[in-house]
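See structure below.
Keep in mind that what you see is a predicted model, and the values were worked out from it rather than measured. Residue numbers start at 1 and run along the sequence shown.
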Amino acid sequence: MSDGSICVRAYAKINLFLDVTGRLENGYHLVDLVMQSIDLHDTLIFTPTESGRDTLFVTDAEGLGRFG
């Protein structure tokens, strides 16, 4: 993209198997899992701003911003 933006695909995945097998002292869980990636994806576009501040805009597929 000519404006310095980066466009990437964030592919979906499904859990074929997920089992919580324990809990660590730091609060994280131990898991056994099997995941499969699938061909569905979101498209993420990262665009630098003049201020350099991080800002998040969420829009629908048509870019109408209905998700606020």
Contact check, side chains of T43 and C7, non-hydrogen atoms, under 4.5 Å: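 Yes - at least one pair of side-chain heavy atoms lies under 4.5 Å apart.
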Any L30 side-chain heavy atom under 4.5 Å of L24 side chain: yes
Pairs touching residues 11-27 that satisfy side chain to side chain donor-acceptor pair (under 3.5 Å), sequence neighbours left out: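 Passing the test, one end in residues 11-27: R9-Y11.
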Qualifying ring-ring contact (aromatic ring centres under 6.0 Å, His included) pairs, either residue in residues 14-37, two or more places apart: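 Of all non-adjacent pairs touching residues 14-37, none passes ring-ring contact (aromatic ring centres under 6.0 Å, His included).
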Considering only distance and modelled atom types, tabulate donor-acceptor pairs under 3.5 Å from the side chains of residues 31-41, sequence neighbours left out.
none

Cluster check L16, L18: I/L/V/M/F/W/Y, side chain < 4.5 angstrom: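 Different clusters.
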